[in-house]
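One structure is given here, and the rest of the page talks about it.
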Amino acid sequence: MDLLNTLVEKGLRRELPTREEALAVLATSDDDLLEVVAAAGKVRRQWFGRRVKLNYLVNLKSGLCPEDCSYCSQRLGSKAEILKYTWLKPDEASKAAAAGVAGGAKRVCLVASGRGPTDRDVDRVSQTIEAIKEQNEDVEICACLGLLSDGQAERLRAAGADAYNHNLNTSEGTYGDITTTHTFADRVDTVRRAQTAGLSACSGLIAGMGESDADLVDVVFSLRELDPDSVPVNFLIPFEGTPLAKEWNLTPQHCLRILAMTRFVCPDVEVRLSGGREVHLRSMQPLALHLVNSIFLGDYLTSEGQEGRADLEMIADAGFEVEGADTTTLPEHRREGCGPCGSGDSGQSAPAEPATNTGAPRTDLVAVRRRGAGTDLAPNA
């Protein structure tokens, strides 16, 4: 297929595809799916070999968020029956993080619900980072605390944070349909604050919220322009009690096409398979390892994930290996801060219709997290 050959060549050169080419990946047929995966897999292996980086989430503060993000079970007005608790103490968070590190996680992601941290919250998280680093000196720490104010990113960096996550989630054109309490520009500003402070930027998207293929391409191109080091790709978990509970728009095949498109647009970036993989990819998860080079181990913020042991078995059975703490994830040219990859045509293209899931919604796969942080039960790691 000429399209795939062109995209592989561009990916190996770190050259930006056109929007038309990115849209064409999402429009490929299921009959061509394995060819798409194989092509994007060549780009993935060029920059990351067969390594898979493991990340582990610790939900420091769960629920009762004042923001109205429609996809979120912790949002203002959510009726989802999730765990709700206030800030974990540093020793509690350190204990939770240790479970993930013992399971093979190289990065621990510290997440707290809310619009953004107060200065006191930054102090709390700084103490937590120090507690985790004291026990696990080599572990990477990524903070995800919402919108940042002046000086907060610098304080987190000084405390030992390595990265900061703040996702763009959807295209700028449709952002107001998903969230009204803050803007797309607010999110971009926070990612740039993190970068300016010397933190590794982590920013991604959520697919499956009723967006068009054109919206997916737009948000991935926005991410490419922002140039984060890691791009988490989430697939909507339609929680009962949230406005998007009925949005079951994804098939496993379309999820793989979305991941392939992201890899072609962001060839040398850590693309992370994130929330919703078990719900939407299901038995096709191993194929995604040919597209991504990073996954979350175990559970998510408010939902349960695949068993940690099953994650490790899946990686080994698919012929991949867990990335060790002594290996640097990013290619050398990105570590040296060379900036965005080569440019290409950025012309606009016509919107495409959202993918239609022809199967019955798998509501049975949406399981609220009842173990780990904020409970007395052992975590899944």
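What you are looking at is a predicted structure, and each value in this text was computed from that prediction instead of being measured.
- Cluster note: Leu147 groups with no other residue, as no ILVMFWY side-chain heavy atom lies under 4.5 Å from it.
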For residues 102-112, run the donor-acceptor check on the side chains, cut-off 3.5 Å, and write out each pair with its distance to 0.1 Å, sequence neighbours left out.
| residue | atom | partner | partner atom | Å |
| --- | --- | --- | --- | --- |
| Lys106 | NZ | Glu323 | OE2 | 2.7 |
| Lys106 | NZ | Gly324 | O | 3.3 |
| Lys106 | NZ | Thr327 | O | 2.1 |
| Lys106 | NZ | Thr329 | OG1 | 3.4 |
| Arg107 | NE | Glu140 | OE1 | 2.9 |
| Arg107 | NH2 | Glu140 | OE1 | 3.0 |

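- Using a 4.5 Å cut-off on side-chain heavy atoms (C-beta onward), Glu270 and Arg272 make contact.
- Under a 3.5 Å cut-off, the side chain of Ser94 and the backbone N or O of Pro90 do not form any donor-acceptor pair.
- At a threshold of 4.0 Å, the pair Asp268-Arg44 does not count as salt-bridged, since none of the basic side-chain nitrogens sits closer than that to a carboxylate oxygen.
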side-chain hydrogen bond (donor to acceptor under 3.5 Å, both in side chains) between His333 and Arg14, worked out: CA-CA 11 Å; His333 62 266; Arg14 300 169 48 240; 3.1 Å; yes
Intermediate values then yes/no, ring pair (Phe, Tyr, Trp, His ring centres under 6.0 Å), Phe235 and His254: CA-CA 11 Å; Phe235 301 108; His254 201 59; 9.4 Å; no
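- Judged by distance alone, the side chain of Ser78 and the main-chain N or O of Ser73 form a donor-acceptor pair under 3.5 Å.
- Between Thr302 and Arg369 there is no side-chain heavy-atom pair separated by less than 4.5 Å.
- No hydrogens or angles considered: nothing links the side chains of Ser203 and Asn167 as a donor-acceptor pair under 3.5 Å.
- The pair Lys95-Asp91 does not count as a salt bridge, with every side-chain nitrogen at least 4.0 angstrom from each carboxylate oxygen.
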query: So Asn55 and Ser294, side-chain hydrogen bond (donor to acceptor under 3.5 Å, both in side chains) or not? Walk me through it.
result: CA-CA 7 Å; Asn55 309 266; Ser294 181; 2.7 Å; yes
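- Within the 4.5 Å cutoff, side-chain heavy atoms of Cys266 are placed close to those of Val220.
- Under 4.0 Å is where a charged nitrogen must lie from a carboxylate oxygen, and between Asp32 and Arg257 no such pair does.
- Tyr56 places no side-chain N or O within donor-acceptor distance of the main-chain N or O of Ala98, the cut-off being under 3.5 Å.
- Judged by distance alone, with hydrogens and angles left aside, the side-chain atoms of Gln152 form a donor-acceptor pair with the main-chain N or O of Ser149 at under 3.5 Å.
- In this structure, the side chains of Ser62 and Lys84 stay at 4.5 Å or more apart for every pair of heavy atoms.
- The closest side-chain donor-acceptor pair between Arg263 and Asn293 falls under 3.5 angstrom.
- Counting only distance, with no hydrogens or angles, the side chain of Asp299 and the backbone of Gly305 share a donor-acceptor pair below 3.5 Å.
- In this view, Asp121 and Trp87, Pro117, Thr118, Arg124 satisfy the side-chain contact (heavy atoms from CB on, under 4.5 Å) rule, not counting sequence neighbours.
- Proximity of Trp248 to Pro238: side-chain heavy atoms (C-beta onward) are separated by under 4.5 Å at one or more points.
- Formation of a donor-acceptor pair under 3.5 Å by the Asp215 side chain with backbone atoms of Ser171 is not found in this model.
- With respect to the salt-bridge test (charged N to carboxylate O, under 4.0 angstrom), the residues Arg193 and Asp150 qualify.
- Using a 3.5 Å distance cut-off with no hydrogens or angles, the side chains of Glu67 and Gln74 do not pair a donor with an acceptor.
- Hydrophobic cluster membership for Leu244: Tyr71, Ile178, Ile206, Met209, Leu236 (Ile, Leu, Val, Met, Phe, Trp, Tyr linked by side-chain heavy atoms under 4.5 Å, directly or transitively).
- Contact check for Leu16 versus Lys10: no side-chain heavy atoms found under the 4.5 Å cut-off.
- In this structure a side-chain-to-backbone donor-acceptor pair under 3.5 Å is missing from Thr190 to Arg187.
- One N or O on the side chain of Arg157 and one on the backbone of Ala161 form a donor-acceptor pair closer than 3.5 Å.
- Between Met261 and Leu216, the closest side-chain pair of non-hydrogen atoms falls below 4.5 Å.
- Counting only residues at least two apart or on different chains, the ring-ring contact (aromatic ring centres under 6.0 Å, His included) pairs with a member in residues 286-326 are His290-Phe320.
- For the pair Leu54/Leu312, a side-chain contact is recorded, criterion being any heavy-atom separation below 4.5 Å from C-beta on.
- Between the CG atom in Asp186 and the NE2 atom in His166 there is a gap of 7.5 Å [rounded to 0.5 Å].
- The heavy-atom pair separating Val368 from Ile82 by the smallest distance is CG1-CA, 3.8 Å.
- A donor-acceptor contact shorter than 3.5 Å is absent between the side chain of Ser70 and the backbone of Pro243.
- Applying the salt bridge (charged side-chain N to carboxylate O under 4.0 Å, His left out) test to every pair with at least one member in residues 228-247, sequence neighbours left out, gives these pairs: Asp229-Arg334, Glu240-Lys246.
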